[in-house]
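Comments concern the structure below.
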2 protein chains.
Amino acid sequence: MIEFVKTCNRLSPLDEVASSELENKLKTRSLKKDQHLLTRTSICNHLFFIDSGLTKTYFNNGEKEFIMRFFREGEMFTVLDSFITQQPSTYAIKALEATEVSYIEQKDLEELCRKHHCIETFFRKLVSIAAVNMMKRISEMLEENASTRYAHFLKDNGHLLQRISLGDLASYLGITQVSLSRIRSQR
Amino acid sequence: MIEFVKTCNRLSPLDEVASSELENKLKTRSLKKDQHLLTRTSICNHLFFIDSGLTKTYFNNGEKEFIMRFFREGEMFTVLDSFITQQPSTYAIKALEATEVSYIEQKDLEELCRKHHCIETFFRKLVSIAAVNMMKRISEMLEENASTRYAHFLKDNGHLLQRISLGDLASYLGITQVSLSRIRSQR
DNA sequence: GTGATTATTTATCATTTGTAAAAAAACCGC
DNA sequence: GCGGTTTTTTTACAAATGATAAATAATCAC
């Protein structure tokens with residue numbers, strides 16, 4: 001079974017028919033480093049799975065860039081607001097390394113959700129996990145200062161530190177790169 | 001049809017059987033001002049709907065309090081991480097006014113989700129909307145300073161301003177009450 | 001390798017936010 | 001209405017973060 005479908009099954013078991021119909025809908029795409037998977041103002045019509053590589057989902061306000069999340073191999077994601085509302089995305093997705101993604105079209109997934117209850121259940125759980133992750137992020141941003149958030153990131157995502165630039169990490173933490181550099185130096 | 005079920009149908013149409021089975025599972029509870037709907041360390045076993053009143057979902061770190069969200073009449077919510085994982089909640093829910101809630105038990109909802117595809121679809125959409133709201137919150141917290149976040153809150157939730165204390169609003173914005181008072185004075 | 005480009009650190013100063021304490025205002029029970 | 005309680009504002013000072021510029025360090029193209 002292909003990795004995408006395995007990951008779905010791990011989250012919520014799919015019956016055989018659903019698994020194979022899902023697998024039949026999948027496509028793949030290769031991205032070079034710095035290439036966009038999704039640009040701002042275009043509609044996010046896909047649910048992605050990273051077979052290998054690393055991406056960031058981000059936006060910018062004209063001056064600064066802000067990173068919503070990094071996604072690495074084995075992770076499944078989309079830009080949820082655009083995906084659901086089918087409105088142009090305010091977020092863009094860019095590959096931070098050479099990256100291979102598998103994906104399914106939004107309308108195909110919607111159709112599979114209608115046809116197979118188990119796929120709807122899977123998708124519900126996927127969205128739930130995303131929501132829980134965001135709750136944690138909000139809690140951290142409320143409770144912790146930049147220095148603690150950095151320490152927290154190291155603890156949870158230390159392995160990513162080698163793969164992302166400090167500028168990107170600062171954009172994720174919501175501080176300037178200078179400020180992050182300062183925090184790193186006082187330890 | 002009862003308000004809870006109407007709101008579900010508005011989000012995602014339920015067939016008649018599902019609607020009536022859902023309605024049969026509902027219970028209600030009255031809360032006085034300052035009474036807890038959920039305490040920290042207990043498992044959130046309910047999906048709530050506010051018929052009237054106002055609540056806050058919050059946590060504290062021993063010293064300060066932080067507010068995840070306010071929910072007012074007509075809104076549906078739960079503490080998602082506890083609800084899904086059935087682990088003790090790190091968040092508590094308290095009524096800010098005399099409040100009437102309707103709710104369904106987690107296990108009843110799970111059962112209805114299994115039985116009625118349309119209820120699973122409704123629940124998926126409910127969680128999706130919650131996730132989209134949290135995306136917006138994270139974006140704002142990254143991009144905007146406290147002063148702008150306050151202005152933004154006024155714009156989006158001005159009607160709530162009369163109903164919540166400034167201390168609570170500060171806890172929601174992630175700043176101290178003194179800081180909020182300072183922001184308010186310079187306009 | 002070498003020079004150019006990009007990323008990171010350091011330094012300085014301005015601004016924002018936090019802390020603590022007190023004053024003022026609003027609210028509540030009787 | 002009065003006294004006590006809670007909420008909000010004000011003040012003064014400390015700490016954290018931002019902005020800008022310059023200095024190092026690392027990376028990349030050739």
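Just so we're on the same page: letters track the sequence lines, and every chain starts at 1.
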Check every strand shown and say whether A:Ser179 touches a base, only sugar-phosphate, or nothing at a heavy-atom separation below 4.0 Å.
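Touches sugar-phosphate only.
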When you compare the side chain of B:Phe77 with that of B:Thr55, does any pair of heavy atoms fall below 4.5 Å?
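Yes. Closest side-chain heavy atoms under 4.5 Å.
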Can you tell if the side chain of B:Thr78 reaches within under 4.5 Å of the side chain of B:His46, non-hydrogen atoms only?
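No, too far: nothing below the 4.5 Å cut-off.
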Whether each nucleotide of nucleotides 19-30 of chain D has a protein heavy atom under 4.0 Å at its base (B), only at its sugar-phosphate (S) or at neither (-) is summarised, 5' to 3', as BB----------
Salt bridge check: are [X] and [Y] linked by an N-O gap of less than 4.0 Å?
| X | Y | result |
| --- | --- | --- |
| A:Arg124 | B:Glu110 | yes |
| A:Lys27 | A:Glu105 | yes |
| A:Glu120 | A:Lys115 | no |
| A:Glu3 | A:Lys6 | yes |

Whole-Å gap separating [atom2] ([N]) and [atom1] ([X]):
| X | N | atom1 | atom2 | result |
| --- | --- | --- | --- | --- |
| A:Tyr150 | D:dA16 | OH | C1' | 17 Å |
| B:Gln177 | D:dT8 | CD | P | 5 Å |
| A:Arg149 | D:dA16 | CZ | C1' | 11 Å |
| A:Leu96 | C:dA7 | CG | P | 12 Å |
| A:Leu180 | C:dT9 | CG | P | 7 Å |
| A:Glu144 | C:dT17 | CD | P | 19 Å |
| A:Asn145 | D:dA15 | CG | P | 14 Å |
| B:Ile175 | C:dT19 | CD1 | P | 12 Å |

Near DNA chain D, counting only heavy atoms under 4.0 Å, which residues of residues 156-174 of chain B show up?
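Nucleic-acid contacts, sorted: B:Ser165, B:Leu166, B:Gly167.
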Give a yes or no on whether A:Phe66 and B:Leu173 share a hydrophobic cluster (residues Ile, Leu, Val, Met, Phe, Trp, Tyr; joining criterion: side-chain heavy atoms under 4.5 Å apart).
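Not linked; separate clusters.
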Matching residue for B:Tyr172 among B:Arg137, B:Lys56, B:Met68 - test: side-chain contact (heavy atoms from CB on, under 4.5 Å):
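For B:Tyr172, the side-chain contact (heavy atoms from CB on, under 4.5 Å) check succeeds only for B:Arg137.
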Using rotation axes that map the C1' atoms of four end pairs onto the next four (five pairs an end), what angle separates the end axes of the helix from C:dG1-D:dC30 to C:dC30-D:dG1, to 10°?
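Axis-to-axis angle, ends of the helix: 60°.
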Pairs meeting criterion ring pair (Phe, Tyr, Trp, His ring centres under 6.0 Å) with involvement of residues 3-35 of chain B, two or more places apart:
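Those involving residues 3-35 of chain B are B:Phe4-B:Phe49.
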Test side chain to side chain contact (heavy atoms under 4.5 Å, CB included) applied to B:His36 - qualifying residues, sequence neighbours left out
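B:His36 satisfies side chain to side chain contact (heavy atoms under 4.5 Å, CB included) with B:Thr39, B:Tyr58, B:Ala92, B:Lys94 once adjacent residues are dropped.
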With sequence neighbours left out, write down each residue that passes side chain to side chain contact (heavy atoms under 4.5 Å, CB included) with B:Arg163, or none if nothing qualifies.
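Per chain and number, B:Arg163 pairs via side chain to side chain contact (heavy atoms under 4.5 Å, CB included) with B:Leu54, B:Arg72, B:Glu73, B:Glu97, B:Leu160.
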D:dT8 OP1/OP2 closer than 4.0 Å to side-chain N/O of B:Arg184
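No.
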